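All heavy atoms count here, side chains included; hydrogens, waters and symmetry mates do not. Values in this document were obtained by computation on a predicted structure and should not be read as measured data. Read the numbers this way: they start at 1 and go in the same order the structure lists the ligands and their atoms.
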Amino acid sequence: MTDRVYLDHAATTPLDPAVLEAMRPALLDSWGNASSLHREGGAARDLLESSRERVAAALGVEADELLFTSGGTESDNLALFGVARAARDARGASRLLVSAIEHHAVLHPAEELAREGFTLELLPVGPDGRVAPELTALDDVALVSVMAANNEVGSVQPIAALGAACQAAGVPLHTDAVQWIGRVLDETGQPARLGDLPIALASLSGHKLYGPKGVGALVVRRGVKLRPLLFGGSHEGERRPGTENVAGAVGLAEALERVMAEAAREVPRQAALRDRLREGVAARIPEVVFNTPAEGPRLPHILNVSFRHVEGEALLLALNARGVAVATGSACTSESLEPSHVLQALGRPVELAQGSLRFSLGRATTEADIERTLDALEQVVGGLRALSPLYG
Ligand code: PLP
């Protein structure tokens, strides 16, 4: 793929070859069933549990607070259904507060819970893509779910303030941290740790971290009541049945440690490239609207831009033909012509939402990639606008 510029890391990241190497023994040597009592099972169990300890240590939580899942979607579903139903049973709670810009892996379970009788309240965001840090009137709330960072526009949410309000009210806060992990630094310049946030549950996904697809984790802090979503064996503390994906767990541990180890260097490097892209777009292409906030807490690797008088899909295909891979919004909605719910929640009119592109950078992105993207973008936007009866 050397002739390609890949700027869609928020959709997925390439597998790190060192992660594949780390997974090999789990696939070829310790292939036993981690729940079996014989030696083969024990070898697999050791790998599973050491991976759990590694992931937990990298996140700053305890190993018994970590469930392995099949990815971000499952973690989000387990958090929402598991906590909402447990809170309804334990204390009759019936309200769900969910931000309007959540990934569909949170929004759709929340809508399903509303069909089960919960009252779903969407927390609005400002034009900067952030929810207000204040949360009041938390009576009868079963769960609050606000993503740590948004996958379409990159806004980072005030999780510390939201978590403090939830803790004071005794309401669990879930955060989808799929895009946030390893991409936000604390005030000392080190990668921010999930364990330092006042959250009850958090979701993560391996393939956003240069790890394998099909593995993720849900952090469930001690004392949080969670009903299982699946029923079967007694794996993962009876909260997530199914023969454990040991190689996936090893891959997640290796990938996460590597991302955390490079974050102090990679986060500012990618942020500088994102800024270069933003400046280049602003200087070279007229009539654009940036959907990613220019300042304040935001991810280093995401830039979302609307180009007036052109369709995002047409731009994506034209850029692809010139060797540049980008997205129009979240990958999961790329086949739908519905304008992004995130951009609409930010107050963008439909035509601007439909003319948007999301560029997302990664560890292999170079300055040359950014320059090539700007050249291609200038050409394709100019070309498409020249054909548009709405422009000129
Ligand atoms: N949450 C966010 C914020 C995401 O960006 C994604 C993937 O795009 C998911 C959840 C779903 O994760 P997975 O692909 O591991 O199911």
Side-chain angles (χ1 to χ4, degrees), residues 6-15 19 55 66-81 98-111 123 125 129-131 145-157 159 173-184 194 197 199 201-219 229-230 240 242 245 248-249 251-252 255-256 259 291-292 297-304 325-336 340-343 345-346 358-362:
Y6 181 76
L7 292 185
D8 199 12
H9 291 83
T12 198
T13 48
L15 183 68
V19 170
V55 173
L66 196 92
L67 303 184
F68 286 115
T69 67
S70 64
T73 300
E74 186 191 333
S75 297
D76 286 343
N77 273 263
L78 179 54
L80 267 91
F81 285 110
V98 171
S99 97
I101 60 165
E102 292 301 305
H103 192 275
H104 284 143
V106 167
L107 276 184
H108 288 169
E111 288 162 7
L123 299 171
V125 294
R130 295 192 195 103
V131 300
S145 183
V146 176
M147 67 202 319
N150 181 265
N151 51 300
E152 289 190 43
V153 296
S155 50
V156 170
Q157 303 300 329
I159 297 298
L173 171 66
H174 164 250
T175 193
D176 176 332
V178 163
Q179 300 286 348
W180 179 90
I181 300 274
R183 296 197 170 94
V184 174
L194 207 54
L197 291 178
I199 46 111
L201 306 105
S203 306
L204 57 148
S205 169
H207 74 100
K208 312 288 183 177
L209 302 167
Y210 309 91
K213 293 173 178 61
V215 66
L218 180 66
V219 170
L229 196 53
L230 303 176
R240 200 279 184 178
N245 175 4
L252 179 61
L256 178 63
V259 163
N291 301 310
T292 296
R298 62 206 192 282
L299 292 172
H301 68 303
I302 291 183
L303 184 70
N304 191 308
V326 300
T328 51
S330 71
C332 317
T333 57
S334 60
E335 280 176 20
S336 113
S340 145
H341 68 284
V342 174
L343 296 183
L346 261 64
R358 177 191 66 184
F359 305 87
S360 52
L361 286 52

What atoms of ligand 1 come within less than 4.0 Å of a heavy atom belonging to Lys208?
5 (O), 6 (C), 7 (C), 8 (O)
Tell me the contacting part of Asn151 for ligand 1: side chain, backbone, both, or neither, using a 4.0 Å heavy-atom threshold, strictly below.
side chain
Which part of Lys213 is near ligand 1, with near meaning a heavy atom under 4.0 Å away: side chain, backbone, both or neither?
neither
Any nitrogen or oxygen of Gly72, main chain or side chain, under 3.5 Å from a nitrogen or oxygen of ligand 1?
yes
Could you check which of Glu152, Glu102, His103, His207 puts a non-hydrogen atom nearest to atom 4 (C) of ligand 1?
His103
If you measure only the distance, is there a donor-acceptor pair under 3.5 Å linking the side chains of Thr12 and Lys213?
yes
Quick one: which ligand 1 atoms are inside 4.0 Å of a heavy atom on Asp76?
1 (N), 10 (C)
State, yes or no, whether a side-chain contact exists between Leu299 and Ser155 at a heavy-atom distance under 4.5 Å.
no
Test item: Leu173 and Ile159 side chains (from C-beta on) under 4.5 Å apart, heavy atoms
yes
Close side-chain approach of Asp76 and His174, heavy atoms under 4.5 Å:
yes
With Glu74, which residues qualify under salt bridge (charged side-chain N to carboxylate O under 4.0 Å, His left out), at least two apart?
Arg240
Quick check on contacts: which atoms of ligand 1 are under 4.0 angstrom from a heavy atom of Gln179?
5 (O)
Does a side chain donor of either His301 or Ser360 reach within less than 3.5 Å of an acceptor in the other side chain?
no
Within a distance under 4.0 Å of any heavy atom of Met147, pick out the atoms of ligand 1 and give their elements.
3 (C)
Among Asn150, Asn151, Asn291, find the residue that satisfies the side-chain hydrogen bond (donor to acceptor under 3.5 Å, both in side chains) test when tested with Asn304.
Asn291
Short side-chain donor-acceptor distance under 3.5 Å, His207 and Thr13:
no
Counting heavy atoms under 4.0 Å, the part of Val106 that contacts ligand 1 is neither
What part of Glu74, side chain from CB on, backbone N/CA/C/O, both or neither, has a heavy atom under 4.0 Å from ligand 1?
neither
Can you list the ligand 1 atoms lying under 4.0 Å from a non-hydrogen atom of Gly71?
15 (O)
Would you mind running through ligand 1 and noting each atom that sits below 4.0 Å from a heavy atom of Ser205?
13 (P), 15 (O)
